[in-house]
Amino acid sequence: MSLNVEVLEQSFQQVKPRASEFVTSFYDHLFIAHPEVKPLFANIDMARQHKMLLNALVLVVENLRKPEVLGQALKGLGARHVGYGASPQHYGAVGEALLVTFEEYLQQDWTPEVKQAWLGAFEVIEAEMLQGAGEVPSIA
Ligand code: HEM
């Protein structure tokens with residue numbers, strides 16, 4: 001597990017006051033860079049989806065100090081994503097869009113250390129979710 005908890009918490013606090021725009025921007029980046037994932041969201045209420053993604057990010061950041069809680073929640077989330085049509089390749093697209101959005105919002109505070117922290121966090125999130133989806137053995 002590669003989690004730089006302080007840096008993740010602090011940088012997330014910085015974007016939290018603009019969380020709603022952050023999530024909208026995340027989906028914009030995702031759909032522009034990876035139009036192939038758009039059909040998966042075709043029948044989804046996107047306003048509700050935005051809130052759920054935000055809740056998931058808050059859950060991750062709030063449970064960084066409780067790896068068991070976080071691991072269980074992410075495995076369950078990953079298992080549900082099989083039914084949503086998410087494949088392992090899609091996780092790369094989501095991770096990339098998330099990092100681009102953080103860069104956009106943090107600007108000069110998007111330092112190499114912060115970038116490394118979120119890359120590491122996403123690796124953990126992806127590994128746990130894919131494990132829950134039954135795709136790959138745990139690397140955690
Ligand atoms: C960082 C990784 C991800 C997180 C944190 C995340 C989070 C969520 C959350 C919280 C929901 C709400 C439903 C639930 O809790 O089961 C959801 C739904 C959904 N996710 Fe993700 N997701 C991730 C990756 C992906 C990927 C890679 C795809 C595929 C492109 C995807 C596609 C979807 C779709 C289509 C739904 C809508 C399901 C429905 O309402 O029918 N997600 N996601």
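In listed order, ligands and their atoms are each counted from 1.
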Review point. Just checking, any donor-acceptor pair under 3.5 angstrom between side chains of His90 and Glu36?
Key: no

**Study point:** Stepwise ring pair (Phe, Tyr, Trp, His ring centres under 6.0 Å) check, Phe41 with Tyr84
**Key:** CA-CA 9 Å; Phe41 294 89; Tyr84 306 154; 8.9 Å; no

Counting each atom of ligand 1 from 1 as listed, which ones have a heavy atom of [X] under 4.0 Å away?
{"X": "Phe122", "value": "1 (C)"}
{"X": "Met129", "value": "2 (C), 3 (C), 23 (C)"}
{"X": "Ile125", "value": "1 (C)"}

Check your understanding: If you look at every heavy atom in Tyr27 and Met46, which pair is closest and at what distance?
Key -> CD2-CE, 3.7 Å

Study note, to complete from the structure: Closest heavy-atom pair, Ala33 versus Glu96, reported as atoms and distance to 0.1 Å, is CB-OE2, 4.3 Å

Exercise for review: For residues Val60 and Leu74, determine if any side-chain heavy atom of one lies less than 4.5 Å from a side-chain heavy atom of the other.
Suggested key: yes

Check your understanding: Considering residues, nucleotides and ligands other than Gln10, do more than 12 of their heavy atoms fall under 6.0 Å from its CD?
Key -> no

Point to revise | Residue Arg48 excluded, over 12 heavy atoms near CZ under 6.0 Å | key: no

Using residues 106-113 as the side-chain source, report each donor-acceptor pair under 3.5 Å to any protein atom, sequence neighbours left out, with the distance given to one decimal.
residue : atom : partner : partner atom : Å
Asp109  : OD2  : Gln14   : NE2          : 2.7
Thr111  : OG1  : Val114  : N            : 3.3

Practice item. Give the ring-plane orientation class for Trp118 versus Phe102, where under 30° counts as parallel, over 60° as perpendicular and anything between as tilted. Key: parallel

Study note, to complete from the structure: Given the options Val100, Leu57, Leu98, Phe26 meets side-chain contact (heavy atoms from CB on, under 4.5 Å) only with Leu98

Check your understanding: For atom 30 (C) of ligand 1, which candidate among Glu126, His90, Gln89 provides the closest heavy atom?
Key -> His90

Practice item. Please say whether Tyr91 places an N or O atom under 3.5 Å from an N or O atom belonging to ligand 1. Key: no

Review point. Any ion pair linking Glu9 and Lys16 (charged N to carboxylate O, less than 4.0 Å)?
Key: no

Among protein heavy atoms, which lies nearest [atom], and at what distance?
{"atom": "atom 34 (C) of ligand 1", "result": "Phe41 CE2, 3.6 Å"}
{"atom": "atom 35 (C) of ligand 1", "result": "Leu40 O, 3.4 Å"}
{"atom": "atom 18 (C) of ligand 1", "result": "Gln49 NE2, 3.2 Å"}
{"atom": "atom 15 (O) of ligand 1", "result": "Arg80 NH2, 2.9 Å"}
{"atom": "atom 41 (O) of ligand 1", "result": "Ile44 CD1, 3.3 Å"}

Revision key, fill the gap. The protein N, O or S atoms lying under 2.8 Å from atom 21 (Fe) of ligand 1 are His81 NE2

